[in-house]
Protein chains: 2
Amino acid sequence: MTEPAARRTRMPGEARRRRLLEEAIRLFGKRGFEGTSLEAVATSAGVRKQTLLYYFPTKDALLEACVQETSRRVAETLTAALEEETSSSHKAEAVIHTLFRVAEEWPDFPQFIREASRLGPEVIERFAGVLEPLRRRALLFLQQGMSEGAIRSQDPALLLFTLYTAVVGSITEAGVLRAVVGEDQSRTALHRREQELLRFVRNALAPGEGGTAGTGASTGA
Amino acid sequence: MTEPAARRTRMPGEARRRRLLEEAIRLFGKRGFEGTSLEAVATSAGVRKQTLLYYFPTKDALLEACVQETSRRVAETLTAALEEETSSSHKAEAVIHTLFRVAEEWPDFPQFIREASRLGPEVIERFAGVLEPLRRRALLFLQQGMSEGAIRSQDPALLLFTLYTAVVGSITEAGVLRAVVGEDQSRTALHRREQELLRFVRNALAPGEGGTAGTGASTGA
DNA sequence: CCCATAATCTGCCGCATGGTAGAGAGCATC
DNA sequence: GATGCTCTCTACCATGCGGCAGATTATGGG
């Protein structure tokens with residue numbers, strides 16, 4: 001065994017690098033960072049471990065590059081989507097829709113973000129750094145919507161956080177979904193989740209009649 | 001170094017076992033399954049690795065036990081909470097409140113559930129098995145609420161899933177929250193998240209637009 | 001054609017980890 | 001006080017992993 005490994009076809013560095021990143025993101029997301037060996041990433045990309053280490057000198061460097069790549073990509077995609085959608089009132093939905101579309105085209109990628117954000121604050125901060133402009137835009141958008149009365153008044157940052165968890169959760173917890181619903185894990189299912197989440201969010205944002213945020217002290221009662 | 005390890009105080013098996021489980025759940029949740037060594041679990045519980053392997057013959061067995069313990073505990077807690085809350089209209093909120101209270105008392109535990117549900121379908125199915133009765137109850141409750149008009153009509157299973165992701169996300173994505181909000185990660189923050197999520201969910205559940213929004217479900221007082 | 005450089009490989013090392021084998025200490029029961 | 005059981009330990013092994021050294025081949029410029 002161990003196939004003499006007939007020297008893989010040579011590739012221009014940049015292409016190889018991208019290929020390795022892609023596999024790394026996929027595997028880190030699927031099996032976790034510690035659960036994925038460099039060997040596994042390398043062979044998945046059709047190359048030997050040393051070739052991987054040629055492009056990324058350490059495993060941490062590889063992770064770092066994955067984080068950079070994913071955050072760059074998501075920022076880019078979202079920005080483009082926001083450019084395109086001019087109607088202010090539909091921007092929130094455009095963001096959600098875009099995220100689901102990305103998840104559909106590249107399912108491993110949300111999983112990776114999830115995993116990465118578990119690996120300590122530094123990693124999250126890298127994400128946050130790249131996405132900062134988008135975050136500011138989102139906050140402004142929410143605040144504006146609130147003062148115009150289009151969105152129920154509340155803490156915009158916490159709202160943004162809740163939205164984030166709902167979206168990422170809906171996308172990444174597919175395993176749980178199957179257990180809860182018994183549903184098959186197909187494109188259709190993803191679309192249905194998107195529709196469901198959209199309605200859910202729309203209702204949650206709608207300015208309730210008496211519901212001006214207030215103190216919300218009405219909890220446990 | 002290596003402290004002659006002056007033979008730890010003997011413990012009645014059951015107590016030692018529980019202690020080990022507690023540490024395992026904590027560390028698996030914090031650093032991930034593959035990211036946590038048996039040695040780490042053992043020394044955290046003040047004992048040598050071999051003692052750990054005496055109680056749990058393999059790492060997988062340990063994981064299995066952790067899953068069983070957590071699911072048993074969450075089922076127990078939720079069931080108790082539901083017994084206590086008689087008002088049907090407040091049951092949903094009681095569940096959310098209980099989950100947050102558990103997360104407050106035992107912060108490592110939601111993290112563990114998250115991690116565990118990443119480790120493959122078998123694990124999730126174990127959870128699902130134990131929580132099955134609660135799931136059925138929840139579905140019935142939601143359906144009933146819908147037919148009574150107290151809850152907006154929709155697919156109950158998908159709704160339950162969305163609720164699950166929102167709750168678990170709000171609890172576990174603390175790191176992200178800090179990055180998004182800049183908030184400190186204290187008790188207070190957890191409470192605020194609970195309040196926020198409660199209002200969010202209440203609004204999302206409220207039946208159709210057109211002003212009927214605030215009926216039973218909105219401000220519970 | 002030759003040489004520099006880029007890209008990929010083989011071979012290996014040190015270390016941590018999951019797991020085995022088995023000894024020994026506390027404690028009860030006869 | 002011998003026997004047996006429960007609990008904890010020391011010592012060790014095999015494997016897998018991250019990473020180093022360096023050989024080897026393709027490729028493009030003089």
Side-chain angles (χ1 to χ4, degrees), chain A residues 1-25 27-28 30-67 115-116 119-120 123, chain B residues 1-25 27-28 30-67 115-116 119-120 123:
Chain A
M1 46 198 77
T2 343
E3 284 275 328
R7 214 155 208 108
R8 318 292 169 180
T9 57
R10 224 178 153 90
M11 254 193 194
E14 197 46 42
R16 177 73 68 197
R17 200 188 129 94
R18 267 200 296 271
R19 182 75 211 289
L20 285 166
L21 268 183
E22 187 186 325
E23 289 304 317
I25 291 169
L27 289 174
F28 286 164
K30 191 168 172 185
R31 308 205 205 279
F33 180 67
E34 294 94 349
T36 303
S37 70
L38 294 183
E39 192 67 54
V41 175
T43 61
S44 281
V47 99
R48 292 269 183 244
K49 183 175 55 164
Q50 281 324 301
T51 304
L52 169 59
L53 283 168
Y54 170 75
Y55 289 93
F56 308 94
T58 72
K59 200 182 184 183
D60 282 325
L62 176 59
L63 174 65
E64 173 77 14
C66 290
V67 170
E115 167 73 4
L119 296 174
V123 181
Chain B
M1 43 201 78
T2 343
E3 286 275 327
R7 212 151 208 111
R8 317 293 170 181
T9 57
R10 226 176 148 88
M11 254 193 195
E14 196 47 43
R16 176 74 68 197
R17 199 187 129 93
R18 266 199 297 271
R19 182 73 211 290
L20 285 166
L21 268 183
E22 187 186 327
E23 289 305 316
I25 291 169
L27 288 174
F28 285 165
K30 191 167 171 185
R31 310 205 204 279
F33 180 66
E34 293 93 350
T36 303
S37 70
L38 294 183
E39 192 67 53
V41 175
T43 60
S44 281
V47 98
R48 291 266 181 248
K49 183 175 57 165
Q50 282 324 302
T51 304
L52 170 59
L53 282 168
Y54 169 77
Y55 290 93
F56 308 95
T58 72
K59 199 182 184 183
D60 282 324
L62 175 59
L63 174 65
E64 174 77 16
C66 289
V67 170
E115 166 72 4
L119 296 173
V123 181

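Residue numbers begin at 1 in each chain, while the letters A, B, ... track the order of the sequences. Every value quoted in this text rests on a predicted model; they were computed, and no experiment measured them.
Distance from the side chain of Tyr54(B) is smallest to dT8(D) among dT8(D), dC9(C), dG18(D). The side chain of Arg16(B) lies closest to dT8(D) when the candidates are dT8(D), dA11(D), dT8(C). Comparing atom distances between the Thr58(B) side chain and each of dG18(D), dG19(C), dT10(C) picks out dG19(C) as nearest. The side chain of Leu53(B) sits closest to dT20(C) out of dT20(C), dC9(D), dG19(D). Out of dT10(C), dA11(D), dT8(C), the shortest distance to the side chain of Gln50(A) is found at dT10(C).
Residues forming a side-chain contact (heavy atoms from CB on, under 4.5 Å) with Tyr54(B) (at least two apart in sequence, or on another chain): none.
Arg48(A) has its CZ atom 16 Å from the C1' atom of dC17(D), to the nearest Å. The separation between Phe56(B) atom CZ and dG19(C) atom C1' is 16 Å, rounded to whole Å. The distance between atom CZ of Phe33(B) and atom C1' of dG18(C), rounded to the nearest whole Å, is 10 Å. Rounded to an integer number of Å, the gap from Tyr55(B) OH to dG19(C) P is 18 Å.
A salt bridge is absent between Arg18(A) and Glu22(A); no separation between the charged side-chain nitrogens and carboxylate oxygens falls under 4.0 Å.
The shortest non-hydrogen separation linking Glu23(B) to Ser44(B) is OE1-CB, 3.3 Å.
A donor N or O paired with an acceptor N or O is found under 3.5 Å between the base of dG19(D) and the side-chain atoms of Lys49(A).
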